[in-house]
Amino acid sequence: RRWRWRRVGLGICEVGGVGRVLCDMIPCGEEEVDEAIKSAHSAYLKWSKLSGMERARIMLEAARIIRERRDEIARAEVANNGKSITEAQVDIDVAWQCIEYYAGIAPTLSGQHIQLPGGSFAYTRREPLGVCVGIGAWNYPFQIAAWKSAPAMACGNAMVFKPSPMTPVTVVMLAEIYKEAGVPDGLFNVVQGGAETGGLLCHHPMVAKVSFTGSVPTGKKVMEMAAKGVKQVTLELGGKSPLIIFKDCELENAIKGALMANFLTQGEVCCNGTRVFVQREIMPQFLEEVVKRTKAIAVGDPMCEETRMGALIRKPHMEKVLGFIKQAKEQGAKVLCGGERFVPSDPKLKDGYFVSPCVLDNCRDDMTCVKEEIFGPVMSVLPFDTEDEVLQRANNTTFGLASGVFTRDIARAHRVAENLQAGTCYINNYNVGPVEVPFGGYKMSGFGRENGQVTTEYYSQLKTVVVEMGDVESLF
């Protein structure tokens, strides 16, 4: 585990979105990155020789410690990120469930036996890659670290993880927990820093794979850097996901689904269904109820259990979100509620980066707010008439991370799910993410998957062994 906490002012981490300094740091340079990767490689040589059952026992202990420390970690995550304590607690639960899930998979990793003529045979072995790099995003710091490290470690790999420089704290807690659970020294290393540190990780010759969560532009750079070393890559990038609500839906569930699709973590969620297509006949009822419930969302101190929306990550991001809303109004959208800087009554939070949740009506497909990822609490609502029309409009995007449909028509639900160009389609729900279910994108939203059994294929490689039981037939 490698990190530095020197007060030299080269990097400042704020308390999640409330404008107070949490800690000052310096980024890890070439020396620290090289040390972390070499340390991870030494640990990998030990860890990869353990049986799946032996790895599973240690991972289960890590999951147990996280469960035990859940509330403490959740409070640190609120300070780290600014989301509500209620959401942070769910994130920590998802993290330990993920580690527990892959602990269960670790002993099941196996190959295949293939019978060949004359008693000869071949078999395959699923082997680890070596040292994997994880680069996390700031919206789910602890959870993403678990999503990347758990399948990597289950397959016998080591991981060097770089959190976002905006949310550096809780990943260190995960490293301490893995150490306490019994993983070899260096198996899960943390390096702090920004783009330069990430570049050093991607270029390092001892790294076998890079798993990145973040924006499309940065994902392209990660892919380019990894390609120079022919490293495997998983990219979980941005989205501008469609949520389609048909007139035959259960309206109450559709309204709750739309709120969940837009306002979790202050809207800072890559798979959010921010383009809400509503069939024209039910648009008035939908808007009336959505606006009513959006206005009732409790915004404020994220440490209070009553709070349902905390602060955006930092001031420049808040200004960016408010700029999107201003531009939407200039392009003809109508703000039905919210979309302004919110100042809580608590004087300690007066400098916080709070934005009231916003619903935009009168939107068109060509508006910036409909085309580009805002990553804030902004719902754009658009009317539609027919299934064919809305499918064409929903797919008219470079993104393809998630999608959703609300309808009582079971044939339509599956037909729409088949035709939506996205890695996930939610039917009559939105933003549910069991760790057993693969998650990842189509198109420019990335490739590879996180969670689910399939992810073991992205953290392992297949070796074929051919065994001749007879004599060699030679042409020479």
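Quick caveat: nothing in here was measured; it's all calculated off a predicted structure. Every heavy atom of this structure was used, including side-chain atoms; hydrogens, water molecules and symmetry mates were not. Along the sequence shown, residues carry numbers from 1.
- A salt bridge is absent between Arg408 and Asp248: the closest approach of a Lys/Arg side-chain nitrogen to an acidic carboxylate oxygen does not fall below 4.0 angstrom.
- When all heavy atoms of Lys162 and Gly193 are compared, the closest pair comes out as NZ-O, 2.9 Å.
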Legend entry - ring pair (Phe, Tyr, Trp, His ring centres under 6.0 Å) between Trp138 and Phe375, intermediate numbers included: CA-CA 12 Å; Trp138 46 259; Phe375 225 58; 5.4 Å; yes
Legend entry - Residue pair Leu251, Ile282: steps toward the side chain to side chain contact (heavy atoms under 4.5 Å, CB included) verdict: CA-CA 9 Å; Leu251 189 58; Ile282 61 168; 4.2 Å; yes
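- Using a cutoff of 4.0 Å between basic side-chain nitrogens and carboxylate oxygens, Glu224 and Lys221 are not scored as salt-bridged.
- Within the model, atoms OG of Ser241 and CZ of Phe399 stand 9.0 Å from one another, a figure rounded to the nearest 0.5 Å.
- Between Lys240 and Glu372, no side-chain nitrogen of the basic residue sits less than 4.0 Å from a carboxylate oxygen of the acidic one, so the salt-bridge criterion is not met.
- Residues Ala62 and Ile177 share a closest heavy-atom pair of O-CG2, 3.7 Å.
- Pairing each heavy atom of Leu349 with each of Pro344, the nearest pair is O-CD, 3.7 Å.
- Residues Cys132 and Tyr459 share a closest heavy-atom pair of SG-CD2, 3.8 Å.
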Legend entry - Intermediate values then yes/no, salt bridge (Lys or Arg N to Asp or Glu O under 4.0 Å), Lys326 and Glu330: CA-CA 6 Å; Lys326 180 174 181 288; Glu330 292 168 352; 2.8 Å; yes
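- Arg67 has a carboxylate O that lies under 4.0 Å from a charged side-chain N of Glu100, or vice versa, which qualifies the two as a salt bridge.
- A side-chain donor-acceptor contact under 3.5 Å links Glu373 to the backbone of Gly239.
- A distance-only check finds no donor-acceptor pair linking the side chain of Lys209 to the backbone of Leu129 [under 3.5 Å].
- Looking at Glu389, its side chain does come within 3.5 Å of a backbone N or O of Thr386 through a donor-acceptor pair.
- Between the CZ atom of Phe447 and the OH atom of Tyr458 there is a distance of 9.5 Å, given to the nearest 0.5 Å.
- At least one side-chain heavy atom of Phe406 sits less than 4.5 Å from a side-chain heavy atom of Asn253.
- A salt bridge links Asp91 with Lys83; the closest basic N to acidic carboxylate O contact falls under 4.0 Å.
- A distance-only check finds no donor-acceptor pair linking the side chain of Asn451 to the backbone of Pro438 [under 3.5 Å].
- A distance-only check finds a donor-acceptor pair linking the side chain of Ser164 to the backbone of Met166 [under 3.5 Å].
- At most 12 non-hydrogen atoms from other residues, nucleotides or ligands lie less than 6.0 angstrom from CD of Glu288.
- Residues Cys28 and Leu200 approach most closely at O-CD1, 4.4 Å, considering heavy atoms.
- Of the possible polar contacts, none joining the Tyr442 side chain to the Leu420 backbone as a donor-acceptor pair under 3.5 Å is found.
- Between Ile144 and the choices Val171, Thr167, Asn139, the side chain to side chain contact (heavy atoms under 4.5 Å, CB included) rule is met once, by Asn139.
- In this structure, CD1 on Ile245 lies 11.0 Å from OH on Tyr430, to the nearest 0.5 angstrom.
- How far CD of Gln421 is from OG1 of Thr397: 9.5 Å, rounded to the nearest 0.5 Å.
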Inset, instruction - Apply side chain to side chain donor-acceptor pair (under 3.5 Å) to the pair Thr213 and Tyr140, showing each step before the final yes or no. - result: CA-CA 10 Å; Thr213 298; Tyr140 287 85; over 6 Å; no
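- Between Phe277 and Leu243, the closest side-chain pair of non-hydrogen atoms is not below 4.5 Å.
- The structure places CG of Asp361 at 10.5 Å from CZ of Phe286, a figure rounded to the nearest 0.5 Å.
- A donor-acceptor pair under 3.5 Å links the side-chain atoms of Ser84 to the main chain of Glu87, judged by distance alone.
- Because its NZ or CZ atom is both nearer than 6.0 Å to the ring centre of Phe246 and within 45° of the ring axis, Arg412 counts as a cation-pi partner of that residue.
- A salt bridge between Lys247 and Glu281 is present, with a side-chain N of the basic residue lying under 4.0 Å from a carboxylate O of the acidic one.
- Annotation: side chain of Arg75 is in contact with side chain of Ile85 (closest heavy-atom distance under 4.5 Å).
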Legend entry - Gln192/Thr197 under side chain to side chain donor-acceptor pair (under 3.5 Å): CA gap, chis, key distance, verdict: CA-CA 7 Å; Gln192 304 284 5; Thr197 306; over 6 Å; no
Inset, instruction - Step by step, work out the side chain to side chain donor-acceptor pair (under 3.5 Å) result for Thr170 and Asn80. - result: CA-CA 7 Å; Thr170 51; Asn80 206 23; 3.1 Å; yes
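- A salt bridge links Asp365 to Arg393: one of the charged nitrogens lies within less than 4.0 Å of a carboxylate oxygen.
- Using a 4.5 Å heavy-atom cutoff, the side chains of Ile92 and Val94 are not in contact.
- For the pair Lys179 and Phe188, the cation-pi criterion (under 6.0 Å, within 45° of the ring axis) is not fulfilled.
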Inset, instruction - Please assess Asn429 against Val432 for the test side chain to side chain contact (heavy atoms under 4.5 Å, CB included), listing each intermediate value before the final yes or no. - result: CA-CA 7 Å; Asn429 207 335; Val432 288; 3.7 Å; yes
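- Salt bridge annotation for Arg64-Glu61: present, with a cationic side-chain nitrogen under 4.0 angstrom from a carboxylate oxygen.
- Side chains of Leu237 and Cys270 form no contact here, defined as non-hydrogen atoms less than 4.5 Å apart.
- Under a cut-off of 6.0 angstrom, the local environment of CD in Glu196 is sparse, with at most 12 non-hydrogen atoms contributed by other residues, nucleotides or ligands.
- Across all their heavy atoms, Met173 and Arg69 have their closest contact at CE-NH2, 3.7 Å.
- Look at Arg70 and Asp93 and you find a salt bridge, because one of the NZ, NE, NH1 or NH2 atoms lies within 4.0 Å of a carboxylate O, short of that distance.
- For the pair Ser380 and Arg275, the minimum side-chain heavy-atom distance is 4.5 Å or more.
- In this structure, the side chain of Ser460 engages the main chain of Thr456 through a donor-acceptor pair within 3.5 Å.
- The side-chain heavy atoms of Phe212 and Glu236, taken from C-beta on, include no pair separated by under 4.5 Å.
- The existence of a salt bridge linking Arg293 and Glu252 is confirmed by a sub-4.0 Å separation between a basic side-chain nitrogen and an acidic carboxylate oxygen.
- Within 6.0 Å of CD in Gln453 there are 12 or fewer heavy atoms belonging to other residues, nucleotides or ligands.
- Under the side chain to side chain contact (heavy atoms under 4.5 Å, CB included) test applied with Leu336, the options Thr294, Asn362, Leu360, Val359 reduce to a single match, Val359.
- Listed for the Asn431 side chain is a donor-acceptor partner under 3.5 Å among the backbone atoms of Met260.
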Inset, instruction - Go through Lys371 and Thr398 one step at a time and tell me if the side chain to side chain donor-acceptor pair (under 3.5 Å) criterion holds. - result: CA-CA 9 Å; Lys371 293 168 66 176; Thr398 58; over 6 Å; no
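- Side-chain atoms of Asn157 never come within 3.5 Å of backbone atoms of Val131 as a donor-acceptor pair (strictly under, hydrogens ignored).
- The line from CZ of Phe324 to CE of Met367 is 14.0 Å long, rounded to the nearest 0.5 Å.
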